[in-house]
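For this chain, numbers begin at 1 and follow the sequence in order.
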Amino acid sequence: MTGTDHIDHTDRPAATDSAADGAPDAGLERWRLILGAPAERATGPLGAEAAARDAALEWLYGRDIDLERRGVRRGPTGAPAGGRTGGDGASVLTPVDWLDDVHRLFPKETVERLERDAVERYEITEIVTDPEVLARVEPNATLLRAVLRTKHLMNPQVLALARRIVETVVRELMERLRPELRRAFTGARSRRPSRLPLARDFDFRGTVRANLAHYQPEQRRVLIERPLFHARTRRHLEQWQLILLVDQSGSMVGSVIHSAVTAACLWNLPGLRTHLIAFDTAVVDLTADVTDPVELLMRVQLGGGTDIARAVDYAAGLVDNPRRSIVAVVSDFYEGGDPYRLVRTVRGLVEQGATVLGLAALDEEADPVYDRALAGRLAEAGAHVGAMTPGRLAEFVAEKVGR
C-alpha cells in the first residue's frame, strides 16, 4: 500500500474496540495527529485530549505560509481546509487561551519549543506584550530574547511584568556561568602536592598508588588512609583591562545577553578591570551598570544601524596600557560605518601591543553568522577572530592576565 486511498474503511483496526473503556487507540491517534484530518477514515476520530492538542497545534502551525506552496487549500480563517480539525473555536483562541492549553496538554520540552516557534517563527508578540500572558508564561531564554526585542512596545505595567522574565533568566545564567568563569582565574594544577584538602584538587591516581598496601581483596576495595591533593599555581596578576564592545543589532541579541552576564561575572576579579560598551550607530558606555545585568539589559536598545569603527575608536580612548589591554568586539561585522577606519584603528591597537578579539558570537552555542570578508581583513590587521562561549573567553583572558 502506498497511500490511504488503498485502505478500506472496514479493514482498519477498530480504534474504539481496542480498549475496554472504548477509548481511541493511542497509536492510531498519533498517526492521525501526524497526517491530519484526511487520515481519519483510516485511523478513526481523535479522542477529546488528542483533539485539543490538534487544535493547539493548528492555532500555531496553521499560519505557515509554506502550506500554500505545498498545495494545501486554506480555509476562510487561514487554516488549512481539510487539515487539522481544530474546530471553529481554534480561530478565536487568544494567546492567553493557547498558552493555558499548551501548558496543560504538552510536556515541558514541547511547551518550550511551541513558545519559541510562536515568538521567533510566527512573531506572535502578544506573548511578551500582553500582561495576562506575561503573568502566566514560564521564563526561559527564548522569552528573554523576545522581551529585549519588544520592550520598546510595552507600557510601564507590562514592562514591570516582563522584568520578571529578565530577572529569572539572568539569575539562572549567572548561577551557571559564574563558577565556570571564575574557575579560570583560580590557577592551574601543578604536580606539587598540597596540604590543603580541597575536593576539586583531589589526586585520584596518586591517592590510589599511595594506598595500594591497604587493598582488601575480599571486599575488592582500597582503604584510603592518606589522601593526596594537587597544589595550584598562583598567578602573578598585574592590572589588565578587558573592554567588551557589544553590537546591539537585533541579530546579536543572544550575544548581548551573554556579554552582560559575562561582564557581571568578571567584575572585580583580581587583576582585571572590565568595561562594557554597547553600540549601534551611537556608543553607550554601560560600565556603571555592569554589577546589575538586569538593569543593564533593560537599558539596551536593540536594532538600528551599526558603526563598529566608532565603537572601536571609543575603546581605543579607554586603553591605559595597550600591553595590558584586551579589546573584544562582539559583532556580526556587517559594518555600516567606515570599514577602512575600523581596520586602521584595529591595526593601530595591535601595533601598540593590545590584544584585539573579534567575536562573531559570545553565547553558549557559539554558532555565528557574520561578514567573513571584513572579519578576514581584521584578522590580517592582527585581530584574533572567531566565536567563543563565555567560559572560553574567561579562559583566554585568564591566560593573558596570568602571564
Ionic contact status for R53 with E49, cut-off 4.0 Å: yes
How many angstroms lie between CE in M174 and CG in L181, if you round to the nearest 0.5 Å? 9.5 Å
Within the 4.5 Å heavy-atom criterion, are E40 and R32 side-chain neighbours or not? yes
Closest heavy-atom contact between S325 and N321? OG-O, 2.7 Å
Could you pull out the closest heavy-atom pair between V147 and A162, with the gap in Å? CG1-CB, 3.8 Å
Side-chain heavy-atom pair F396, L357 within 4.5 angstrom cut-off: yes
I'd like to know if R341 pairs up with D313 as an ion pair, taking the criterion as any Lys NZ or Arg NE/NH1/NH2 lying under 4.0 Å from an Asp or Glu carboxylate oxygen. yes
Within the distance-only criterion (no hydrogens, no angle test), does the side chain of T207 pair as donor or acceptor with the backbone N or O of L228 below 3.5 angstrom? yes
One pair to check against side chain to side chain contact (heavy atoms under 4.5 Å, CB included): L57 and F106. What are the steps and the verdict? CA-CA 11 Å; L57 294 171; F106 297 99; 4.0 Å; yes
Please find the pair of heavy atoms, one from A309 and one from D338, that lie closest to each other, and give the distance. CB-O, 3.6 Å
N/O donor-acceptor pair under 3.5 Å between N155 side chain and V158 backbone: yes
Is there side-chain contact between R347 and V343, with at least one heavy-atom pair below 4.5 Å? yes
Would you say V283 and L245 make side-chain contact, with heavy atoms under 4.5 Å? no
Using a strict threshold of under 4.0 Å (side-chain N to carboxylate O), is an ion pair present between E395 and R392? yes
Less than 4.5 Å apart, any side-chain heavy atom of E335 and any of D307? yes
What are the two closest heavy atoms between L114 and L60, and how far apart are they? O-CD2, 3.7 Å
Donor-acceptor contact below 3.5 Å, side chain Q241 vs main chain D320: yes
Rounded distance [0.5 Å steps], CG in L148 versus CE in M298: 7.5 Å
Any donor-acceptor pair under 3.5 Å linking the side chain of Q248 with the backbone of Q301? yes
Where do F279 and V284 land on the side chain to side chain contact (heavy atoms under 4.5 Å, CB included) test, with the steps shown first? CA-CA 6 Å; F279 68 91; V284 182; over 6 Å; no
If only side-chain N and O atoms count, and only distance matters, is there a donor-acceptor pair under 3.5 Å linking Y61 with D117? yes
Would you say R377 has more than 12 foreign heavy atoms packed within less than 6.0 Å of its CZ? yes
Test log, rule side chain to side chain contact (heavy atoms under 4.5 Å, CB included), inputs L269 and V397: CA-CA 11 Å; L269 281 175; V397 174; over 6 Å; no
Hey, is CZ on R176 packed in by over 12 heavy atoms from elsewhere, all under 6.0 Å? yes
Just by distance, do the side chain of S255 and the backbone of L362 share a donor-acceptor pair under 3.5 Å? yes
Answer whether the closest heavy-atom distance between the side chains of L318 and I277 falls below 4.5 Å. yes
Between W59 and D101, does a side chain to side chain contact (heavy atoms under 4.5 Å, CB included) hold up when you go through it step by step? CA-CA 11 Å; W59 185 88; D101 286 346; over 6 Å; no
More than 12 heavy atoms of other residues, nucleotides or ligands under 6.0 Å from CZ of R323: yes or no? no
State which residue, out of V312, V319, V329, T287, fulfils the side chain to side chain contact (heavy atoms under 4.5 Å, CB included) condition with I243. V319
The reported gap from CZ in R63 to CD in E58 (rounded to nearest 0.5 angstrom) is 9.5 Å
Which heavy atom of F333 sits nearest to which heavy atom of L374, and what is that distance? O-CD2, 3.2 Å
Note, L286 side chain near V300 side chain (heavy atom, < 4.5 Å): yes
CG-CG distance between L143 and L134, expressed to the nearest 0.5 angstrom: 8.5 Å
What is the distance from atom CG of D247 to atom OG1 of T306, rounded to the nearest 0.5 Å? 4.5 Å
Measure the CG-CZ distance between L272 and R324 for me, rounded to the nearest 0.5 Å. 12.5 Å
Step through the shown structure and confirm whether more than 12 heavy atoms of other residues, nucleotides or ligands are within 6.0 Å of OH on Y215. yes
Under 4.5 Å between any side-chain heavy atoms of I308 and Y334, yes or no? no
What closest approach, in Å, do P390 and H258 show between heavy atoms, and which atom pair accounts for it? CG-CD2, 3.7 Å
With the threshold set at 4.0 Å, does a side-chain nitrogen-carboxylate oxygen contact exist between R163 and E295? yes
